[in-house]
> 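Take a look at the following structure, please.
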Protein chains: 2
Amino acid sequence: MSKQTLPVVDLQTAGCCAPLAVRALDADQAAVVAPMFKALGDPVRLRLMSMIASVPEICVCDLTPAFDLSGPTISHHLKVLREAGLVDSERRGTWVWYAVRPEAFRRLGALLDLPDTATRAAR
Amino acid sequence: MSKQTLPVVDLQTAGCCAPLAVRALDADQAAVVAPMFKALGDPVRLRLMSMIASVPEICVCDLTPAFDLSGPTISHHLKVLREAGLVDSERRGTWVWYAVRPEAFRRLGALLDLPDTATRAAR
DNA sequence: GGGCTGATTCGAAAATCATCTAGACAGGTG
DNA sequence: CACCTGTCTAGATGATTTTCGAATCAGCCC
């Protein structure tokens with residue numbers, strides 16, 4: 001399957017960065033993390049992501065008909081999610097199945113933790 | 001202070017959506033949430049967001065010099081974060097101060113909760 | 001093998017975006 | 001008031017993105 005273990009993906013897989021609200025990211029960290037948020041920044045991809053994440057796994061054939069878009073377009077968006085490291089795909093016979101990558105997903109969530117401090121009201 | 005309480009912001013401010021991993025978003029929900037992720041999907045904005053979120057508040061004059069970009073470009077990115085509802089700004093005399101909007105930030109984080117279930121391994 | 005269906009890749013068109021310079025506005029200070 | 005500094009708006013430009021149809025690839029079945 002996907003051989004593309006680019007340096008980028010390695011950094012993503014490596015634990016990266018305290019929550020945004022704890023310590024500011026440097027330029028390199030931001031360059032690693034931003035593409036993951038960017039991948040979720042399109043309504044179609046966000047919906048795809050939510051459909052994938054809300055079940056153990058799901059076939060492309062069940063994703064495509066939920067949208068008013070061509071197959072290639074859905075395929076393109078899935079590729080963006082894949083290359084961001086957020087989901088994984090596996091061909092089984094005729095169909096291709098997608099599943100969330102829990103580590104990446106969780107790490108992204110951890111970045112958005114807001115520890116009750118560091119808000120203007122609390123200054 | 002910024003008067004722009006657009007309808008979009010109202011929807012964002014309203015509690016929206018179970019975590020992605022719990023229930024898939026419909027098209028309307030995705031259209032509301034995606035711009036927030038999109039705003040974080042640029043390395044410059046992500047860094048700006050982390051600089052703002054990691055302190056109670058911060059002056060534009062302290063943000064700009066951290067980047068190798070023109071003032072107007074930083075201003076543009078801050079506007080995107082503002083319009084996504086993620087930060088708030090307030091002019092105090094000569095300077096403009098930015099602060100995170102904890103509700104929006106927290107809601108975004110909640111969307112990325114991953115409840116240990118709904119992963120392929122757990123099927 | 002030949003044909004079928006599901007999914008991806010390719011190439012192109014239209015829309016959006018990041019960035020800049022120039023200019024406007026806001027507020028302080030002499 | 002005139003001027004200076006900090007910030008934002010306007011308009012332009014090159015780069016990126018979204019989307020499509022056409023073509024290709026993968027695996028099944030007759």
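Letters A, B, ... mirror the listed sequences (proteins, then strands); counts begin at 1. Predicted, not measured: the structure shown is a model, and the values here were computed from it.
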> Detail all sub-3.5 Å separations between protein N/O atoms and N/O atoms belonging to nucleotides 1-6 of chain C.
none

> Calculate the interatomic distance between Asp62(A) atom CG and dA7(C) atom C1'; express it in whole Å.
14 Å
> Which ones in residues 38-48 of chain A lie close to DNA chain D, meaning a heavy atom under 4.0 Å from one of its atoms?
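The answer is Lys38(A), Asp42(A), Arg45(A).
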> With a 4.5 Å heavy-atom cut-off, do Tyr98(A) and Glu90(A) have their side chains touching?
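The answer is no, as the side chains (C-beta and beyond) never meet within the 4.5 Å cut-off.
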> So Arg45(B) and Val80(B), do their side chains get closer than 4.5 Å, heavy atoms only?
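They are in contact (side-chain heavy atoms under 4.5 Å apart), so the answer is yes.
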> Where does the chain B footprint on DNA chain D start and end, counting 5' to 3' with a 4.0 Å heavy-atom cut-off?
dG6(D) to dT9(D)
> Do the non-hydrogen side-chain atoms of Glu103(B) and Arg107(B) ever get within less than 4.5 Å of each other?
yes
> Which pairs, with at least one residue in residues 66-103 of chain A and sequence neighbours excluded, count as a disulfide bond (SG atoms under 2.5 Å apart)?
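Passing the test, one end in residues 66-103 of chain A: no pairs.
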> Report yes if some heavy atom in the side chain of Val100(B) is under 4.5 Å from a heavy atom in the side chain of Asp88(B); otherwise report no.
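They are not in contact (no side-chain heavy atoms under 4.5 Å apart), so the answer is no.
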> Thr64(A): which residues meet the side-chain contact (heavy atoms from CB on, under 4.5 Å) condition with it, sequence neighbours left out?
Val60(A), Ile74(A)
> Sequence neighbours left out, cut at 3.5 Å: what donor-acceptor pairs do the side chains of residues 65-73 of chain A make with other protein atoms?
{"from": "Ser70(A)", "atom 1": "OG", "to": "Thr73(A)", "atom 2": "N", "distance (Å)": "3.3"}
{"from": "Ser70(A)", "atom 1": "OG", "to": "Thr73(A)", "atom 2": "OG1", "distance (Å)": "2.9"}

> For residues Leu112(A) and Leu111(B), determine if any side-chain heavy atom of one lies less than 4.5 Å from a side-chain heavy atom of the other.
no
> Round to a whole Å and report the spacing from NE2 of His77(A) to C1' of dT9(C).
15 Å
> Kindly list each side-chain donor-acceptor pair under 3.5 angstrom involving residues 20-39 of chain B, sequence neighbours excluded, with atom names and distances?
{"from": "Asp26(B)", "atom 1": "OD1", "to": "Asp28(B)", "atom 2": "N", "distance (Å)": "3.0"}
{"from": "Asp26(B)", "atom 1": "OD1", "to": "Gln29(B)", "atom 2": "N", "distance (Å)": "2.8"}
{"from": "Gln29(B)", "atom 1": "OE1", "to": "Asp26(B)", "atom 2": "N", "distance (Å)": "3.0"}

> Should Leu48(A) and Leu81(A) count as side-chain neighbours, where that means a heavy-atom distance under 4.5 Å?
yes
> Pick base, sugar-phosphate or nothing for His76(B), based on heavy-atom distances below 4.0 Å to the nucleic acid.
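Here His76(B) touches the bases of the nucleic acid.
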> With sequence neighbours left out, write down each residue that passes side chain to side chain donor-acceptor pair (under 3.5 Å) with Arg47(B), or none if nothing qualifies.
none
> For residues 35-76 of chain B, which residue pairs qualify under disulfide bond (SG atoms under 2.5 Å apart), counting only residues two or more places apart or in two chains?
Cys59(B)-Cys61(B)
> What residues, two or more places apart in sequence or in another chain, satisfy side chain to side chain donor-acceptor pair (under 3.5 Å) together with His76(B)?
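Applying side chain to side chain donor-acceptor pair (under 3.5 Å) to His76(B) gives none.
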> Among dA7(C), dT21(C), dT19(C), find the nucleotide with the atom closest to the side chain of Pro72(B).
dT21(C)
> Name every residue in residues 64-71 of chain B that has at least one heavy atom under 4.0 Å from any atom of DNA chain C, in order of residue number, or write none if there are no such residues.
Leu69(B), Ser70(B)
